[in-house]
Chemist: 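The structure under discussion is supplied below as structure tokens; questions concerning it will follow.
Sequence positions, counted from 1, serve as the residue numbers for this chain. Both counts, for ligands and for their atoms, begin at 1 and track the order of listing. None of the values given here were measured: they were computed from a predicted structure.
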Amino acid sequence: MSNNKNDVTMDKIVSLCKRRGFIFSGSEIYGGLANAWDYGPYGVELKNNIKQRWWRKFVLEREDMVGLDAAIIMNPETWKASGHLDNFSDPLVECKKCNSRFRSDELLRRAHLGKVQILPLDHELQRELLIKEKITCPICNSVSWSEPRQFNLMFKTFIGPAEKSSNIAYLRPETAQGIFVNFKNVMDTSRPKLPFGIGQIGKAFRNEITPGNFVFRTREFEQMEIEYFIAPPKKDKDWQAAFEMWRQEIINWMKELGLDVKHDIYELNVPDGERAHYSKKTIDFEYKFPFGQKELYGLVYRTDYDLKQHAEFSGADLSYTDDKGNKFTPHVIEPSLGVERTLLAALCAAYNEENLTQPHPSPGQGKIETRVVMKFPPWLAPVKIAVFPLLKNKPELVKKAKAVFDLLKKDYACEFDDNGNIGKRYRRQDEIGTPYCLTVDFDSLKNGDLTVRDRDTMKQERVKIEKLGEWFRGKLK
Ligand code: GAP
């Protein structure tokens, strides 16, 4: 048996996702839409498991957190106040030959100019380097670049039937602002004491210049964000303590997902000039994806920037009064996690190829077969238990297997499968990542037991049907 992490390629992940119904190209029957993806029957379960676990861990199980679900289209003033209208942009260059557009800082980064610090707003340096280093257009290979210009990433739309400038609205580019504009509502209704946080899961939209790498960078995605409010720090160590607490929480979360934090996660302390306009400190948690080490999550100290901006632009009182009567604007620590990047990292971490030697009477003569198995942590697996009758055409086996399925489906995500031979059914469930497969055979009819096969060890054991509930409670709950 062998397993090598380097075997994981994006081609293999994309093909497994399509083959097994995790992720499909968006609008496929119309030829697709570049960089849009639809989540199939197992993909949606994976996504739901991620979101539900996050919500349970960070909202329900903590006394210092509450939840929120704010609208995607917000009053456009929000984006003036937050600074997104002025600052939420990437440097864009156009190839003058073929008119393709790219992020100039990314073209330079891709050309291994990591030795030079490329600030997003330093357009002059970017153009100079593109020409001096003869960076070619990835589409037509020419070196003919326009002046970089800042391109705002927010999607614009119009409210109501008239497409006039006074009706312009934006799809939110981060869920965070929905939390800030509801700060007063939550304070007035929940009356939380500092420090406390508000968590939200929802869609965000960005008109990315260079989306790509499967679901890694898309124009429509989901975020799981927390704005954690703290008293204004007197010293750096005051905000650093909350920042460190959330850093540890993110590390624990990544471990729960099955990521190899020690080897596959790198914490990048984002330098001055490269951080978002609201950030005093940012850590990017980068994951070693098959296409390179890239940002998985962000942890940011946003200071009191957002609440102060919204207080100023809206006129609302967004302050907090403590038990001693001191009135102040809280500061904020923000752990921000993308759902799709979580899912992609979890897929890459779970992907395993094992070479199995088929049994053969002469030693060393057995055929070698590759087993693809998704070793998701059980809580994440889209199906927890698959139930098979040994043979499809034996009604008594099918009936018994259906009864087992009915027994377990109330507590666990179960699947009933009677298609093909048992070996094929195991392989299919291995690729879906199902931790346990149960087979009802002729002995089951006599003895009231069945075979439980473990996904990772492939070991099989007989368990009494009446004991299954208890057996799984220990393993899956
Ligand atoms: N509220 C802070 C914020 O939005 P960000 O670093 O721009 O910060 C946070 O985004 C997280 O959202 C990222 O770490 C990533 O997980 C996810 N994300 C951002 N842009 C994305 C995109 N275009 N496609 C998929 N996920 C994205």
Chemist: Heavy-atom pairs closer than 4.0 Å: do any link ligand 1 to the side chain of Thr175, the backbone, both, or neither?
Modeler: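 None of Thr175 does.
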
Chemist: Will you find, in the side chains of Gln293 and Glu286, an N or O donor that is under 3.5 Å from an N or O acceptor?
Modeler: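 A pair is found: one side chain offers a donor N or O, the other an acceptor, under 3.5 Å apart.
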
Chemist: Under 3.5 Å, is there a donor-acceptor pair linking the side chains of Ser146 and Glu94?
Modeler: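 There is no such pair between these side chains.
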
Chemist: Closest non-hydrogen protein atom to atom 19 (C) of ligand 1, residue and atom name please, with distance?
Modeler: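 Nearest neighbour among protein heavy atoms for atom 19 (C) of ligand 1, to 0.1 Å: Arg206 NH1, 3.5 Å.
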
Chemist: For atom 10 (O) of ligand 1, which candidate among Gln223, Glu220, Glu225, Met224 holds the nearest heavy atom?
Modeler: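 Looking at heavy atoms only, Gln223 sits closest to atom 10 (O) of ligand 1.
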
Chemist: Are Tyr39 and Phe22 close enough that their ring centers fall under 6.0 Å?
Modeler: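 No, they do not, as the ring centres are separated by 6.0 Å or more.
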
Chemist: Any chance NZ of Lys97 has more than 12 other-residue heavy atoms, nucleotides or ligands included, within less than 6.0 Å?
Modeler: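 Count not over threshold, so no.
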
Chemist: Go through the structure and list residues passing side-chain contact (heavy atoms from CB on, under 4.5 Å) with Lys327, not counting sequence neighbours.
Modeler: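 Here the qualifying residues are Asp317, Ser319, Thr321.
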
Chemist: Non-hydrogen atoms of Arg172 versus ligand 1: any pair closer than 4.0 Å?
Modeler: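 Distance cut 4.0 Å: Arg172 fails for ligand 1.
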
Chemist: Going by the rule salt bridge (Lys or Arg N to Asp or Glu O under 4.0 Å), which residues pair with Lys57 if we only count those two or more places apart in sequence or in a different chain?
Modeler: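 Glu256.
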
Chemist: Ligand 1 versus Glu208, non-hydrogen atoms closer than 4.0 Å: side chain, backbone, both, neither?
Modeler: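 The side chain, only.
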
Chemist: Tell me which part of Arg302 gets within contact of ligand 1: side chain, backbone, both or neither, using heavy atoms under 4.0 Å.
Modeler: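 Side chain only.
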
Chemist: Heavy-atom distance to atom 21 (C) of ligand 1: which of Phe216, Phe221, Phe88 wins?
Modeler: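 Comparing heavy atoms across Phe216, Phe221, Phe88, the nearest one to atom 21 (C) of ligand 1 lies in Phe221.
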
